[in-house]
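Okay, structure first, notes after.
Residue numbering restarts at 1 for every chain, and letters A, B, ... go by the order of the sequence lines.
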Amino acid sequence: MQIKVKLEDGKEVVYPRGTTCMDLYREKTTRDKELLAVLVDGQECDLNAPLPDNSNIAFVDFDSSQGARIYRHSASHVLAHAVKRLYPGVKLGIGPAIENGFYYDFEFEQPISSDDLKSIEKEMKKIVKEKLPIRRREITREEAVQLFKEKGEPYKLELIAELPEDQIISCYEQGDFIDLCTGPHLPHTGMVKAFKLTGLAGAYWRGDEGNPMLQRIYGTAFPTKERLEEYLHMLEEARKRDHRKLGRELELFSLHEEAPGFPFLHNNGNIVWQELTDFWRREHRRAGYEEIKTPLIMNRSLWEQSGHWDHFRENMYFTNIDEQDYAVKPMNCPGAMLVFRSKMHSYRDLPRRIAEMGVVHRHELSGTLQGLLRVRSFTQDDAHIFMLPEQVEEEVGGVIDLMDRFYRVFGFSYRVELSTRPDKAMGTREMWDKATSILEQVLESRNITYRLNEGDGAFYGPKIDFHLEDCMGRSWQCGTIQLDFQMPEKFDLTYVGEDGEKHRPAVIHRVIYGAMERLLALLIEHYGGAFPVWLAPVQVCVIPVTERSHDYAQKIYSQLSDEFIRVTLDDRNEKVGYKIREAQVKKIPYMLIVGDREVESGQVAVRRRDQGDLGAEDPAVFIRQLKTEINEKSI
RNA sequence: GCCGACGUAGCUCAACGGAAGAGCAGCUGAUUUGUAAUCAGCAGGCUGGGGGUUCGAGUCCCUUCGUCGGCUCCA
């Protein structure tokens with residue numbers, strides 16, 4: 001008996017029945033990349049599984065996302081195997097591949113510490129050396145229950161119990177280790193070439209706070225030692241860009257025990273902040289926004305009306321004034337609602353776009369705080385747009401254009417996600433469908449590719465999220481556009497229509513930067529602390545070579561300063577090299593070195609932080625070029 | 001909040017249960033310097049806070065605060 005398969009290149013090949021993917025793999029020795037698995041009719045498949053007749057075959061190597069996943073999933077089994085050998089009483093959780101690596105969750109009889117990772121790694125290396133074949137076994141539900149009962153694996157039993165009735169239950173076996181798993185896996189453990197255990201952390205079983213806390217071991221794996229090293233090196237580079245480290249070194253901000261989660265902005269950080277908000281303000285005025293400022297503390301009654309008192313209380317801060325309950329605002333919307341409601345509106349007044357750089361406070365769990373990325377007090381570049389229902393499409397489009405304008409300036413590429421109705425949503429199904437389809441239409445009419453996030457919308461409406469990608473390929477959620485059906489109802493907002501009757505306006509809630517603190521962190525890491533000139537806390541440093549040129553240096557300094565350029569004069573009694581090094585370390589974009597030659601010629605020697613010595617230039621020319629660079633916000 | 005690790009000078013890090021140190025930064029002086037670190041000297045500490053064990057604690061134990069890596073949550 002023979003079977004026929006079609007290869008990627010269209011060639012049809014005939015094999016004896018029972019031929020496995022592995023046989024094919026062996027045959028393809030000419031390929032230099034290591035094959036990990038085979039796609040049969042587009043489905044992931046085990047290398048040791050026999051080939052079905054009339055199937056399409058594609059080979060998977062590490063450089064496909066499926067390949068990397070299979071590879072690292074097998075690495076996680078090697079990890080679990082090693083742990084099981086070293087700690088026979090351990091109970092297994094789950095162990096999937098994740099982006100850049102894998103993890104496995106365990107319940108140890110005695111908690112282990114990160115020092116123990118070394119010995120686990122050593123045991124893993126042994127298992128790899130043993131080249132144990134990895135075999136798939138399909139068993140019945142009863143056999144599976146029996147097997148994991150014997151092995152004392154309560155978490156696995158829980159997983160089995162939740163598998164659908166008709167599901168084929170598969171296990172993967174390597175040596176004396178067996179794990180409930182859908183696969184696929186590598187043919188043998190020897191193929192896991194380069195790996196490293198990278199961390200140890202607590203993780204609730206199935207991510208639920210009510211469940212026991214397991215210990216999660218993180219690791220990463222690559223097909224070669226070189227690629228592993230490369231990856232670890234990249235992590236090292238990312239650490240150098242850490243906004244907490246650069247924030248301290250460049251005197252941008254600080255955090256103190258006295259106010260955990262409430263960052264202190266220093267002069268340098270504040271300059272960047274001001275530039276960001278100046279830019280924001282100009283663009284918003286141009287786009288037809290008003291700007292307001294609402295109080296930080298408002299009476300309990302307002303929070304009851306908005307629903308926050310019931311739904312957000314555990315995240316809020318409270319105070320008592322004149323025997324009345326007050327709350328510190330965790331969101332800006334209720335304030336904006338009051339501003340809108342403080343006068344009557346004609347349909348002719350809409351849309352009203354009301355922006356606010358609003359400081360909000362939220363009591364986040366202490367364990368979640370992280371530099372400027374996760375804080376308890378932050379400034380949202382918020383805006384609420386109140387409009388006629390038929391204006392929604394145009395307004396959403398306007399916000400998308402504005403987002404694009406901002407993100408371009410920073411050199412970010414971005415990804416768009418559309419989140420739809422969650423299970424516990426408010427409002428009618430029709431309202432949701434209509435709103436969602438409006439958002440869809442806007443995205444499609446602009447040819448924006450987006451990912452659909454089913455059921456991930458806010459409880460009050462669907463939303464479009466913008467995920468920025470920084471220069472290291474990491475993704476951060478910043479902008480969001482949310483259709484809100486709840487607030488207009490709760491605050492009984494109205495406008496008078498053409499018909500003289502009161503109608504309910506539509507509201508969208510949006511942020512572009514997201515949170516100023518987070519944006520600052522993101523920009524610090526994105527630029528590695530070397531801000532473009534328009535954002536740089538110090539734009540130019542004037543460096544006289546000796547005391548003889550101090551007067552001239554002072555003159556140059558004043559010229560720049562008069563033009564509102566952020567300039568410093570380093571007239572310390574130090575060598576030029578020393579001053580240059582310091583300016584470089586501070587990541588100042590331009591240095592102007594002035595010595596006898598420049599005094600003589602009336603020029604300045606221009607040095608750019610990333611290009612070195614650019615030679616002498618007329619000061620007026622330099623200033624003109626610099627101002628152009630600042631105005632254009634060149635990256 | 002939960003799990004684990006860590007808190008020593010402004011920063012980066014040393015110090016076997018036995019006299020708290022170095023480099024950088026800071027200050028003082030000398031040096032007048034040409035594109036990434038001139039030399040010398042000085043000063044700098046309740047070893048996060050509280051309690052305990054010990055003849056003796058930076059080091060061991062308890063507790064508390066904070067930080068880091070995760071879980072959960074989210075801008």
Side-chain angles (χ1 to χ4, degrees), chain A residues 103 105 107-108 111-117 198-218 239 242 244-245 248-249 251 254-261 312 314-315 330-332 358 360 362-382 458 465-466 476-480 482 510-519 521-522 543-550 571-586 591-598 605-609 611-616:
Chain A
Y103 68 78
D105 288 344
E107 185 180 88
F108 290 92
I112 62 160
S113 82
S114 42
D115 297 339
D116 298 317
L117 295 183
T198 50
L200 178 67
Y204 298 110
W205 167 239
R206 319 196 83 177
D208 186 335
E209 274 180 275
N211 284 337
M213 169 88 49
L214 308 181
Q215 281 194 295
R216 174 171 298 178
I217 298 177
Y218 283 93
R239 259 194 288 280
D242 191 309
R244 291 167 295 199
K245 178 173 142 64
R248 187 175 48 238
E249 287 171 358
E251 294 181 69
S254 60
L255 285 155
H256 303 271
E257 274 194 34
E258 290 83 349
F312 213 69
E314 67 281 11
N315 281 307
M331 292 186 194
N332 301 304
V360 297
R362 297 183 190 171
H363 182 258
E364 302 292 350
L365 295 178
S366 60
T368 64
L369 302 180
Q370 201 206 0
L372 291 183
L373 286 173
R374 197 71 199 282
V375 291
R376 282 175 170 163
S377 166
F378 56 100
T379 308
Q380 291 183 306
D381 66 315
D382 224 334
D465 289 328
F466 291 75
W476 314 70
Q477 205 219 297
C478 281
T480 178
Q482 306 181 348
R510 44 111 284 188
V511 290
I512 292 178
Y513 287 158
M516 291 299 295
E517 289 76 1
R518 177 177 286 185
L519 176 72
L522 174 45
I543 300 176
V545 178
T546 71
E547 241 167 63
R548 288 192 301 281
S549 39
H550 275 192
D571 57 3
R572 291 176 306 172
N573 181 6
E574 294 289 353
K575 292 169 82 171
V576 179
Y578 181 87
K579 297 185 193 179
I580 287 174
R581 178 185 150 77
E582 198 159 290
Q584 286 285 152
V585 169
K586 286 184 183 163
M591 285 152 256
L592 298 181
I593 289 86
V594 293
D596 294 338
R597 293 202 295 266
E598 285 73 26
V606 180
R607 180 189 166 95
R608 240 191 97 106
R609 119 192 112 189
Q611 288 168 1
D613 191 356
L614 298 178

Fill in: B:G26 versus B:C62 - spacing of their C1' atoms, nearest Å
39 Å
Discussion item. I'd like to check A:H363 versus A:E314 (side-chain heavy atoms, cut-off strictly below 4.5 Å). Are they in contact?
Written reply: no
Discussion item. Please give the distance between the C1' atoms of B:G56 and B:C73 as a whole number of Å.
Written reply: 48 Å
Worksheet item: Taking a pair as Watson-Crick or G-U wobble with both distances under 3.5 Å, which nucleotide is matched to B:C39?
Response: B:G29
Worksheet item: Base, sugar-phosphate, or nothing for A:A605, non-hydrogen atoms under 4.0 angstrom?
Response: base
Response to the item:
A:T546 has its side chain closest, among B:G34, B:U32, B:A75, to B:U32
Worksheet item: Is there a side-chain polar atom (N or O) of A:R248 under 4.0 Å from OP1 or OP2 of B:U12?
Response: yes
Practice prompt. Please state whether the phosphate of B:U32, meaning OP1 or OP2, lies under 4.0 angstrom from any side-chain nitrogen or oxygen of A:Y578.
Written response: no
Worksheet item: Side chains of A:I543 and A:L592: does their closest heavy-atom pair fall under 4.5 Å?
Response: no
Worksheet item: Is A:R216 touching bases, backbone alone, or none of the nucleic acid, heavy atoms closer than 4.0 Å?
Response: sugar-phosphate
Discussion item. Tell me whether the count of non-hydrogen atoms from other residues, nucleotides or ligands lying under 6.0 Å of CD in A:E251 goes above 12.
Written reply: no
Worksheet item: Of all the nucleotides listed (B:A75, B:A36, B:U35), which has the minimum atom distance to the side chain of A:V585?
Response: B:A36
Item to complete: Report the nucleotide, chosen from B:A36, B:G69, B:G34, that has the shortest atom-to-atom distance to any side-chain atom of A:R581.
Response: B:A36
Fill in: Side-chain N,O (A:S366) to OP1/OP2 (B:G1) below 4.0 Å
yes
Discussion item. Taking B:G18 as the reference, what is the distance to B:U63 when you measure between their C1' atoms (whole Å, please)?
Written reply: 27 Å
Discussion item. Applying side-chain hydrogen bond (donor to acceptor under 3.5 Å, both in side chains) to A:Q477 and A:R518, what does each step give before you reach the verdict?
Written reply: CA-CA 10 Å; A:Q477 205 219 297; A:R518 177 177 286 185; over 6 Å; no
Worksheet entry | Side-chain N,O (A:R244) to OP1/OP2 (B:G69) below 4.0 Å | yes
Discussion item. Starting the side chain at C-beta, find the nucleotide from B:U32, B:A5, B:C71 nearest to A:S113.
Written reply: B:A5
Discussion item. So, does A:Q215 get its side chain near the phosphate of B:C71, meaning an N or O under 4.0 Å from OP1 or OP2?
Written reply: no
Worksheet item: Taking 4.0 angstrom as the limit, do A:R206 and A:D208 come out as a salt bridge?
Response: no
Practice prompt. Quick one: label A:E517 by what it contacts on the DNA or RNA (base, sugar-phosphate, nothing), any heavy atom closer than 4.0 Å.
Written response: nothing
Worksheet item: Rounded to the Å, how far apart are A:R374 CZ and B:C71 P?
Response: 12 Å
Worksheet item: Where the side chain of A:E364 is concerned, which of B:A75, B:G4, B:G70 is the nearest nucleotide?
Response: B:A75
Fill in: Whole-Å P distance, B:C13 and B:C6
14 Å
Practice prompt. Could you tell me the separation between the CD1 atom of A:I112 and the P atom of B:G70, rounded to a whole number of Å?
Written response: 17 Å
Fill in: Rounded distance in Å - NZ (A:K575) to P (B:C39)
8 Å
Worksheet item: How do A:D208 and A:M213 order along RNA chain B: which one's closest nucleotide is nearer the 5' end?
Response: A:M213
Fill in: Between B:G50 and B:A9 - P atom distance, rounded Å
16 Å
Discussion item. What's A:G612 touching, base or sugar-phosphate or nothing? Going by heavy atoms closer than 4.0 Å.
Written reply: nothing
Worksheet item: Counting any heavy atom closer than 4.0 Å, what does A:A201 reach on the DNA or RNA strands: base, sugar-phosphate only, or nothing?
Response: base
Discussion item. Can you measure A:E249 atom CD to B:C11 atom P for me and round it to whole angstrom units?
Written reply: 12 Å
Discussion item. Can you confirm whether A:S549 sits close enough to A:R597 that some side-chain heavy atom of one is under 4.5 Å from a side-chain heavy atom of the other?
Written reply: no
Worksheet item: Does A:Q370 make a side-chain donor-acceptor contact with the base of B:G69, cut-off 3.5 Å?
Response: no
Discussion item. Tell me which nucleotide, if any, is Watson-Crick or G-U wobble paired with B:C73 when both distances must be under 3.5 Å.
Written reply: none
Worksheet entry | Any A:W205 side-chain heavy atom under 4.5 Å of A:E107 side chain | no
Discussion item. Counting only side-chain nitrogens and oxygens, does A:Y218 get under 4.0 Å of the OP1 or OP2 atom of B:G4?
Written reply: no
Practice prompt. Have a look at A:G514 and say if it touches a base, only the backbone sugar-phosphate, or nothing, with a 4.0 Å heavy-atom cut-off.
Written response: sugar-phosphate
Discussion item. Taking A:V375's backbone N and O only, do any of them form a donor-acceptor pair with A:E364's side chain (distance below 3.5 Å, no angle check)?
Written reply: no
Item to complete: Mind calculating the distance between CG (A:L365) and P (B:G66) to the nearest angstrom?
Response: 13 Å
Practice prompt. From the options B:U38, B:G34, B:G4, select the nucleotide whose nearest atom is closest to the side chain of A:V545.
Written response: B:G34
Worksheet item: Which part of the nucleic acid, if any, lies within reach of A:L369 when heavy atoms closer than 4.0 Å are counted: base, sugar-phosphate only, or nothing?
Response: sugar-phosphate
Practice prompt. Determine, answering yes or no, if A:F378 is stacked on B:A75 under the 5.5 Å centre rule and the 30° plane rule.
Written response: yes
Discussion item. What's the gap between B:G44 and B:C27 when it is taken at their C1' atoms, as a whole Å value?
Written reply: 10 Å
Item to complete: Go ahead and name the base partner of B:C6; Watson-Crick or wobble counts if both distances stay under 3.5 Å, otherwise write none.
Response: B:G66
Item to complete: Report the residue (A:G199 or A:R597) whose heavy-atom-nearest nucleotide on RNA chain B is the more 5′ of the two.
Response: A:R597
Worksheet item: Between A:R239 (CZ) and B:G69 (P), how many Å, whole number?
Response: 10 Å
Worksheet item: Quick one: which of B:C2, B:U35, B:G34 gets closest to the side chain of A:E598?
Response: B:G34
Practice prompt. Considering only atom C1', compute the distance from B:G51 to B:A57 and round it to an integer number of Å.
Written response: 14 Å
Practice prompt. Report the base-pairing partner of B:U12 (Watson-Crick or G-U wobble, both distances below 3.5 angstrom), or none.
Written response: B:A22
Worksheet entry | A:K579 side chain vs A:R572 backbone, donor-acceptor pair below 3.5 Å | yes
Discussion item. Heavy atoms only, 4.0 Å cut-off, all strands: where does A:V375 land among base, sugar-phosphate and nothing?
Written reply: base
Worksheet, complete the sentence: From NZ of A:K245 across to P of B:C68 the rounded distance in Å is 15 Å
Worksheet entry | Interatomic spacing from CE in A:M591 to CZ in A:R608 - rounded to 0.5 Å | 10.0 Å
Item to complete: In whole angstrom, give me the gap between the C1' atoms of B:G10 and B:C71.
Response: 34 Å
Practice prompt. Would you classify A:G371 as touching base, sugar-phosphate or nothing, given that sugar-phosphate means primed atoms plus P, OP1 and OP2, and contacts are heavy atoms under 4.0 Å?
Written response: sugar-phosphate
Practice prompt. Rounded to the nearest angstrom, tell me the gap between atom OH in A:Y204 and atom P in B:G4.
Written response: 12 Å
Fill in: Residue A:E547, side-chain heavy atoms: nucleotide from B:G34, B:U32, B:A75 that is nearest
B:U32
Item to complete: Could you please name the option among B:A36, B:G7, B:G4 that lies closest to any side-chain atom of A:E257?
Response: B:G7
